[in-house]
Amino acid sequence: PALVPTGTYDPFADWIASTQRDLWLNWGSAAGKRVSIYLPAIRYTGAEPADLRGYAGQSLPFRSVSPDLEAIICIH
């Protein structure tokens with residue numbers, strides 16, 4: 001799906017509709033010290049309010065729902 005501003009994204013709608021999403025996380029900037037994690041199919045288990053040092057936020061817990069592939073982890 002296309003990226004949307006966080007102010008317009010509704011995680012509760014995804015949770016209620018049981019929408020399946022993919023998730024790709026990247027850490028690091030130097031060759032050999034980068035880590036990527038790809039989850040091809042996740043589903044939110046419920047959104048929760050969070051306190052981020054005095055700022056309101058949301059915790060978005062999820063679980064993998066891919067039948068054959070849970071995650072791909074790459075160090076590059």
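For I75, the CD1 atom is loosely surrounded, since the number of other residues' heavy atoms within 6.0 Å does not exceed 12.
Scanning all heavy atoms of the two residues, the minimum distance from A41 to Q20 falls at CB-NE2, 3.4 Å. The two residues I42 and F62 come nearest to each other via the heavy atoms CG2-CD1, 3.7 Å. Closest approach of L69 to S64, counting heavy atoms only: O-OG, 4.4 Å. Of all the heavy atoms in A50 and S59, the pair that sits closest is CB-N, 4.2 Å.
L39 and L25 fall within the same hydrophobic cluster, where Ile, Leu, Val, Met, Phe, Trp and Tyr residues are linked whenever their side-chain heavy atoms come under 4.5 Å apart, directly or through other members. By the rule that hydrophobic residues join a cluster once side-chain heavy atoms approach within less than 4.5 Å of another member, L23 and V35 end up as members of one cluster. Under the 4.5 Å side-chain contact rule for hydrophobic residues, V65 and I37 do not share a cluster. I73 and W27 fall within the same hydrophobic cluster, defined by Ile, Leu, Val, Met, Phe, Trp and Tyr side-chain heavy atoms under 4.5 Å apart, directly or through other members.
Under the 4.5 Å side-chain criterion, counting only non-hydrogen atoms from C-beta, Y44 is not in contact with T19.
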